[in-house]
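Report on one structure; see the data block that follows.
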Number of protein chains: 2
Amino acid sequence: MRKMVDALRENQYRITPQRLAILKVLAESKGHPSVESIYEQVQTRFPTTSLATIYKNVAVLRDLDQLLELGFSDDSNRYDGNKPYDHPHVVCTVCRKILDPDISALADMTQELTRETGFTITRHRLDFFGVCPECQARR
Amino acid sequence: MRKMVDALRENQYRITPQRLAILKVLAESKGHPSVESIYEQVQTRFPTTSLATIYKNVAVLRDLDQLLELGFSDDSNRYDGNKPYDHPHVVCTVCRKILDPDISALADMTQELTRETGFTITRHRLDFFGVCPECQARR
DNA sequence: TATTTGTTGATAATCATTTTCCATAAAAAA
DNA sequence: TTTTTTATGGAAAATGATTATCAACAAATA
Ligand SMILES: [Mn+2]
Ligand SMILES: [Mn+2]
Ligand SMILES: [Zn+2]
Ligand SMILES: [Zn+2]
């Protein structure tokens, strides 16, 4: 949150109430919100907020490396403002919530890949799909 | 290849020259072709082939679990006819070629996830991005 | 061979998300 | 405060890969 504000300041972006509200949603959110979800939450405090404003600000933060963007081919983008760097995710296929699991032995994997394929690996996208405990209980 | 033909037969799909040509491209391709790429290759033997035909057949094979579909939010789908089940991929960000690396310790990861998050994991999508040896050499 | 029914090819339609536009509002600098 | 510059809001437009449509065609079956 503080980091994000600093990044905006350092790059001559103005600090507006809408921006702060968006940052707050991103910082406090645990389920990797979509633009639409951020929009709805910001609207409770700023009813005239525009969707376009959310899109524009999310793009700014993404370009400043303050936000990890998770694109899906069959769904809208999701955002992580707490860990703005590549990391694995667990996606519930029922409620669409997304969590950050702790996974050991990840750096190993990249090394193994480099050794085996000769690729220089710079990024990754690791998604596991399944059903979360809450959705399992609802059966 | 044989497997794919059998699957089509078993499900009362007709064996047409176009289908065989598409299967051949899929079976022989190593870089995970897009629909467009399959289209271009099939066209060298059947110049009147339609893009729609490729789309339709790829959908059929995907529904018969003969084809793994890799959707990208910022690019067209890619297909793997050799390993029609979830597995990791290495993507070259320069030439867009996609390879199948051999990775040990993968089942472990899913187990660790299940234990840690309580999710029942059914699918995964593991993409590593970097530059392939060929593209590195071209610098 | 005749009949049936699935397939092809060409094109138009779709689809929802994301971008763009621009007049108005509001930060920041002077 | 005044000026300058950037951001917002509301709406419209773009995006472009994928899907739907349908007449013409060709496998399969007997
Ligand atoms: Mn995350
Ligand atoms: Mn593969
Ligand atoms: Zn759930
Ligand atoms: Zn390459």
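A note on names: the letters A, B, ... follow the listed sequences, proteins ahead of strands, and every chain is numbered from 1.
A heavy atom closer than 4.0 Å to some atom of DNA chain D occurs in A/Thr48, A/Thr49, these being the qualifying members of residues 41-49 of chain A. Within residues 24-34 of chain A, no residue has any heavy atom under 4.0 Å from DNA chain D.
The separation between A/Arg9 atom CZ and C/dA28 atom C1' is 11 Å, rounded to whole Å. Atom CD1 of A/Ile22 and atom P of D/dG9 are 9 Å apart (whole Å). Computed from coordinates, the A/Glu10 CD to C/dA28 C1' distance equals 18 Å when rounded to whole Å. If you measure from atom CG of A/Leu8 to atom C1' of C/dA27, you get 13 Å, rounded to the nearest angstrom. To the nearest angstrom, P of C/dA27 lies 12 Å from CZ of A/Arg19. To the nearest angstrom, P of D/dA27 lies 20 Å from CG of B/Asn11. Put simply, CG on A/Asn57 is 15 Å from C1' on C/dT18, counting in whole angstrom units. Rounded to whole Å, the distance from CG on B/Leu61 to P on C/dT7 is 12 Å.
Counting heavy atoms from C-beta on, the side chains of A/Asp80 and A/Ile98 never come closer than 4.5 Å.
Listed pair B/Thr16 / C/dT8 meets the phosphate criterion, a side-chain N or O lying under 4.0 Å from OP1 or OP2. Residue B/Ser50 places no side-chain N or O under 4.0 Å from the OP1 or OP2 atom of C/dT8. Side-chain N/O atoms of A/Gln18 include none lying less than 4.0 angstrom from OP1 or OP2 on C/dA26. The side chain of B/Gln12 contributes no N or O atom lying less than 4.0 Å from OP1 or OP2 of D/dA28.
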| task | Show the numbers, then the answer: is there a side-chain hydrogen bond (donor to acceptor under 3.5 Å, both in side chains) between B/Asp127 and A/His124? | result | CA-CA 6 Å; B/Asp127 292 348; A/His124 63 252; over 6 Å; no

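Rounded to 10°, the helix from C/dT1-D/dA30 to C/dA30-D/dT1 has 40° between the axis fitted to its first five pairs and the one fitted to its last five.
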Pairs under 3.5 Å (N/O, protein and nucleotides 18-24 of chain D):
| unit_1 | atom_1 | unit_2 | atom_2 | d |
| --- | --- | --- | --- | --- |
| D/dT18 | OP1 | B/Asn77 | N | 3.4 |
| D/dT18 | OP1 | B/Asn77 | OD1 | 3.2 |
| D/dT18 | OP1 | B/Asn77 | ND2 | 3.2 |
| D/dT18 | OP2 | B/Tyr55 | OH | 2.8 |

Pick out the pairs of N or O atoms, protein on one side and nucleotides 3-5 of chain C on the other, that lie under 3.5 Å.
| unit_1 | atom_1 | unit_2 | atom_2 | d |
| --- | --- | --- | --- | --- |
| C/dT5 | O2 | B/Arg14 | NH1 | 3.0 |
| C/dT5 | O2 | B/Arg14 | NH2 | 3.0 |

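B/Tyr85 forms part of no hydrophobic cluster, judged by ILVMFWY side-chain heavy-atom separations under 4.5 Å. The hydrophobic cluster around B/Phe128 extends to A/Val90, A/Leu99, A/Ile103, A/Leu106, A/Met109, A/Leu113, A/Phe119, A/Ile121, A/Leu126, A/Phe128, B/Val90, B/Leu99, B/Ile103, B/Leu106, B/Met109, B/Leu113, B/Phe119, B/Ile121, B/Leu126, counting ILVMFWY residues whose side-chain heavy atoms fall within less than 4.5 Å of a member.
Take A/Asn77 and apply the side-chain contact (heavy atoms from CB on, under 4.5 Å) test, not counting sequence neighbours, and it matches A/Glu69, A/Tyr79. Contacts of B/Arg123 classified as salt bridge (Lys or Arg N to Asp or Glu O under 4.0 Å), with partners at least two apart in sequence or in another chain: B/Asp86. By the salt bridge (Lys or Arg N to Asp or Glu O under 4.0 Å) test, B/Arg78 pairs with no residue at all, sequence neighbours left out.
For residues 26-49 of chain A, the pairs satisfying ring-ring contact (aromatic ring centres under 6.0 Å, His included) are A/His32-A/His89, with sequence neighbours left out.
Transitive grouping of hydrophobic side chains (ILVMFWY, heavy atoms separated by less than 4.5 Å) keeps A/Leu70 and B/Leu70 in distinct clusters. Residues A/Met1 and A/Leu68 do not share a hydrophobic cluster, clusters being chains of Ile/Leu/Val/Met/Phe/Trp/Tyr side chains in contact below 4.5 Å. Under the 4.5 Å side-chain contact rule for hydrophobic residues, A/Phe72 and A/Val131 do not share a cluster.
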Show the atom names and distances, to 0.1 Å, of all donor-acceptor pairs under 3.5 Å that link a side chain in residues 18-31 of chain A to residues at least two apart or in another chain.
| unit_1 | atom_1 | unit_2 | atom_2 | d |
| --- | --- | --- | --- | --- |
| A/Arg19 | NE | A/Asn57 | OD1 | 2.4 |
| A/Arg19 | NH1 | A/Arg14 | O | 2.8 |
| A/Arg19 | NH2 | A/Asn57 | OD1 | 3.4 |

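Few gaps surround NZ on B/Lys83; more than 12 heavy atoms of other groups in view lie less than 6.0 Å from it.
Note that the OG1 atom of A/Thr114 and the CD atom of A/Gln111 stand 7.5 Å from one another [nearest 0.5 Å].
For the residue pair B/Glu40 and B/Thr44, no side-chain donor N or O sits within less than 3.5 Å of a side-chain acceptor on the partner. For the residue pair A/Ser76 / A/Glu36, no side-chain donor-acceptor distance below 3.5 Å is found, with atom types taken as modelled.
Of all non-hydrogen atoms in B/Cys132 and B/Cys95, the two that sit nearest each other are SG-SG, 4.0 Å.
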